[in-house]
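Throughout, a chain's letter reflects where its sequence line sits, starting with A, and its residues are numbered from 1.
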Amino acid sequence: ETGVTQSPTHLIKTRGQQVTLRCSSQSGHNTVSWYQQALGQGPQFIFQYYREEENGRGNFPPRFSGLQFPNYSSELNVNALELDDSALYLCASSLGTGGYGYTFGSGTRLTVV
Amino acid sequence: DQQVKQNSPSLSVQEGRISILNCDYTNSMFDYFLWYKKYPAEGPTFLISISSIKDKNEDGRFTVFLNKSAKHLSLHIVPSQPGDSAVYFCAASGNFGNEKLTFGTGTRLTIIP
């Protein structure tokens, strides 16, 4: 049974650019949730995808968007990057939409300069 | 609006002694609580959870206590071991864990040999 894999592990982008982060969910899981963890903060919910549809969204602007594919892997896209987007982006997969069954990946560290 | 608060950013405990990590919440709709442990360069891993229908849950060296009237929970680790050194996040969910997780800011626990 493979865990949750995120790529890339580290990324440096320039303000105004666009970025795509990827997540492969754990075998058997059908839901992916994305979280942003800024330095010194706890993870904050961005959105969740269940069966390829967005199923809930946190307090993030529309330039944060996502996709889920038929194999339940997912992408997080951020347009018009801002310096404050610098953070660790965590993906969690689960069977079902509940927060009780999350398995987290190791995250992608995004630095915007 | 910080709905889940961990007021101690760091805690140092002697090996073999008890570690007590605290968490407060403000949203009365939260009825399921979890503790996660995070090592550097890894994603959070689930440690223990508790539903609001209980006031205590034990799993080996880890015990979580919930005081609903005070909107307070605590994680006890006894005896503390060097491998317990990590950042601990408290998280809360509604609908008995069927909603997204809201995280606290974390407490860095250091076990002193």
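- In this structure, the separation between NZ on B:Lys38 and CZ on A:Phe104 is 10.5 Å, given to the nearest 0.5 Å.
- Other residues, nucleotides and ligands contribute over 12 non-hydrogen atoms within 6.0 Å of the NZ atom of B:Lys68.
- Transitive grouping of hydrophobic side chains (ILVMFWY, heavy atoms separated by less than 4.5 Å) keeps B:Ile111 and B:Val78 in distinct clusters.
- Cluster annotation: B:Leu75 is connected to B:Val4 through the hydrophobic network of ILVMFWY side chains, with a link wherever side-chain heavy atoms come within less than 4.5 Å.
- Annotation: B:Arg108, atom CZ; neighbour count of heavy atoms from other residues, nucleotides and ligands within 6.0 Å does not exceed 12.
- Annotation: ring-ring contact (aromatic ring centres under 6.0 Å, His included) contacts involving residues 51-95 of chain A, sequence neighbours excluded, comprise A:Phe60-A:Phe64.
- Note on A:Leu88: it does not cluster hydrophobically with A:Val113, by side-chain heavy-atom contacts below 4.5 Å among ILVMFWY residues.
- Counting non-hydrogen atoms of neighbouring residues, nucleotides and ligands closer than 6.0 angstrom, the CG atom of A:Asn59 reaches no more than 12 such neighbours.
- Other residues, nucleotides and ligands contribute only 12 or fewer heavy atoms inside 6.0 Å of the CD1 atom of A:Ile12.
- Within 6.0 Å of NZ on A:Lys13 lie more than 12 heavy atoms contributed by other residues, nucleotides or ligands.
- Using non-hydrogen atoms only and a strict 4.5 Å limit, the part of residues 10-36 of chain B facing chain A consists of B:Tyr32, B:Leu34, B:Tyr36.
- For residues 30-53 of chain A, the interface with chain B (any heavy-atom pair closer than 4.5 Å) comprises A:Tyr35, A:Gln37, A:Gly40, A:Gln41, A:Gly42, A:Pro43, A:Phe45, sorted by residue number.
- By number of non-hydrogen pairs under 4.5 angstrom with chain A, the leading residue of B:Cys90, B:Pro44, B:Gly106 is B:Pro44.
- B:Phe46 and B:Leu73 end up in different hydrophobic clusters when Ile, Leu, Val, Met, Phe, Trp and Tyr side chains are linked at under 4.5 Å.
- For residues 66-88 of chain B, every residue pair satisfying the ring-ring contact (aromatic ring centres under 6.0 Å, His included) rule, not counting sequence neighbours, is listed here: B:Phe65-B:His76.
- Chosen from B:Ala92, B:Pro9, B:Gly104, the residue pairing most often with chain A at heavy-atom distances under 4.5 Å is B:Gly104.
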